[in-house]
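A, B, ... follow the sequence lines: proteins, then strands. Residue 1 opens every chain.
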Amino acid sequence: MAVPYNENPKEKKATRDGFGKALVEIGEADKNAWVLTADVSESTRTHWFAEKFPSRFVQVGIAEQNMAGAAAGIATCGKQAFISSFGAFSPGRNWEQIRVSICYNNVPVIIHASHTGITVGPDGASHQMLEDIALMRTLPNMNVLVPSDMDQAKKATHLLYEQKMPGYMRTSREKIPTFTNEDTPMGLGSSNLFIEGDDVAILACGPMVWESLLAAKELKKEGISASVVDLYSVKPIDKEMIGKMAKKTGLIVTAEEHQVHGGMGSAVAEVLAQMKTDAVLKIHGINNRFCESGSAAELMAKYKLDSSGIAEVVKEEVKKFKS
Amino acid sequence: MSKKFPRVHDPKKLKLIANMIRRDVVDMLTEAKSGHSAGSIGLADIFTALYFNVLYHDPKDPDWEERDRLVLSNGHVCPVMYAALANAGYFPKEELLTLRKLGSRLQGHPHRGSLPGIENSSGPLAQGFSIAVGMAIVAKRERKRWRVYTVVSDGEQQEGQVWEAAMLASKYNLGNLTAIMDRNNIQIDGFTEEINPIEPIAAKYRAFGWNIIEVDGHNIKKLIDACNESKAVYERPTMIIAHTIPGKGIPFMEFLTEWHGKSPTKEQALEAHRILELDRREVEEE
């Protein structure tokens, strides 16, 4: 049974807003919730928390390594810590601190990386974080979520918070149509099947979920019936759903704004390779390169990660699969 | 403070404890056949001062909320911390000889959760320093009475993260944070001042807004005084620069960089014990 979603959303909101809103809710309910930021509090939406709970807010300045370490120290005192910066710097710069101070200590610190992927756009390749999922999902004790719209990001923040262990959430700067609502499920190791189709399954995460939903409609017009799954929980991953899709369609295309090595697509490949199946997989993302400046829409079009790009890739794969 | 660990004030007793810790470290490293000798042995007096006089703690209740926190940042010297913890009563001394072995709670670098008394997993340098700063921020904001002590090394000062943490400690006026730097002048590849000079280290920390105390790192009484002095400085974190001799107390190890990262052979251990026994007798006769 497919999960319902809003096909004509009126609003567009950035996933990072969902993080900021959830932080305020958590801050109100839990006096032990602390937030640390490395200079970019407004951009990562921690400023809402800072205004309400200044005594539990720590501004470390441009020092992501120390932010991760100080957060771990705060968390050892019975606190829940959240750290937030742009993905390129956290976890880009402070991976070793996340590995040992947070994961090896196994303390409840949630890492929120905003401004990830090519949708950061004009800032260019140095700021377009395309390797973070790979960095985070290999760490023991770490959960990894990539929510697909603002409401899902809010839920993802709460979900990671409830685990009382390290967690990673990836969001983006660009506004995305809010096609889910409060009732849309979200669970660790789960996923949402939004469209059911038999020819191919598109497994997407982040901004590529909405684009895949649009792509499925385009494909339908051309006689291709595609399933669309929001595989927001990259770790733990929904093996059952991947198995179901493999069986149902025999062809899986993953879509993400991440390098094709080590990202969500790789996580799907790991599942399929260890499963009894002859399903074919296409990992679609950024293929072993740095990108460049441009608007989010232009870049998504160039790298075939917008709806028509995804549709094009899927069509080609279906053609190969059937021949 | 609802309870108080009995403090040792008698200088003779403190010296005997440091002597015992040195012997334990020699045995542990010899048995493990790997590990860092010079730093561990050289820190015996500092760890004696901390665990037997300075810290408010309870070895029988390691998670006591009001305890002072001791964050070891240069985790590779953990044998001396393990020996101090065991001698203070955190766990049975027999367990010391399991260091670095499969199934042991005494990991090659400390692991939080494995062993009572370990506040943080450490090893990668500078990480503990940031953790200590985070703890001190909580304690200060929540007006806790416990303090944070952290032991850092001199070579560690070459890590950029150290200065990020030093800056933040100063921003938040962490008068409840006392750092003790093991200034033993050596690191794996040689002498710190040849590898990448950290001097003038006191001036650097002063410029970062820290209170500085320089002390002989083998004079237990002076170390205790320095820690007490740091408690009386409310609005600034304190860096106690403890000048130590790597391998102090075992002449064939002293001052030699080659002893930074290796363990004694059985013969060397016997020789070390012979010297430490002479030392012990000397202290007894004082």
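Annotation: the span from B:Phe129 atom CZ to A:Asn66 atom CG amounts to 9.0 Å, rounded to 0.5 Å. Here the OG1-CD distance, from A:Thr76 to B:Glu119, works out to 7.0 Å after rounding to the nearest 0.5 Å. Separation of atoms OG (B:Ser121) and CD1 (A:Ile102) is listed at 12.0 Å; rounding is to 0.5 Å. Taken from CD in B:Glu142 to CZ in A:Arg56, the straight-line distance is 9.0 Å, to the nearest 0.5 Å.
Interface remark: B:Glu65 contributes no atoms to any contact with chain A (heavy atom separation under 4.5 Å). Residue B:Lys144 does not touch chain A at all, counting heavy-atom pairs closer than 4.5 Å. For A:Gln59, the parts sitting under 4.5 Å from any heavy atom of chain B are the backbone and the side chain alike. Interface residue B:Tyr172: only side-chain heavy atoms are found under 4.5 Å from chain A.
Closest approach of B:Met135 and A:Gly73 over heavy atoms only: CG-O, 3.5 Å. For the pair B:Ile131 and A:Ala72, the tightest heavy-atom approach, listed with the atom from each and the gap, is CG1-CB, 4.2 Å. Scanning all heavy atoms of the two residues, the minimum distance from A:Gln65 to B:Gln161 falls at O-NE2, 3.5 Å. For B:Ile137 against A:Trp34, the heavy-atom pair with the smallest separation is CG2-CZ3, 3.9 Å. Pairing each heavy atom of B:Pro110 with each of A:Tyr104, the nearest pair is O-CE2, 4.1 Å.
Summarising the local packing, NZ of B:Lys231 is surrounded by more than 12 heavy atoms from other residues, nucleotides or ligands at distances under 6.0 Å. Other residues, nucleotides and ligands contribute only 12 or fewer heavy atoms inside 6.0 Å of the CZ atom of A:Arg99. Within 6.0 Å of CD on A:Glu42 lie no more than 12 heavy atoms contributed by other residues, nucleotides or ligands. More than 12 heavy-atom neighbours from other residues, nucleotides or ligands sit within 6.0 angstrom of CZ on A:Arg289. Under a cut-off of 6.0 angstrom, the local environment of NZ in A:Lys239 is sparse, with at most 12 non-hydrogen atoms contributed by other residues, nucleotides or ligands. Within 6.0 Å of the CZ atom in A:Arg93, the count of heavy atoms belonging to other residues, nucleotides or ligands does not exceed 12.
Side chain of B:Gln127 to backbone of A:Glu96: a donor-acceptor contact under 3.5 angstrom is found. Formation of a donor-acceptor pair under 3.5 Å by the B:Arg141 side chain with backbone atoms of A:Phe57 is found in this model.
Note on A:Asn94, A:Asn106, A:Val60: by heavy-atom pairs under 4.5 Å with chain B, the leading option is A:Val60.
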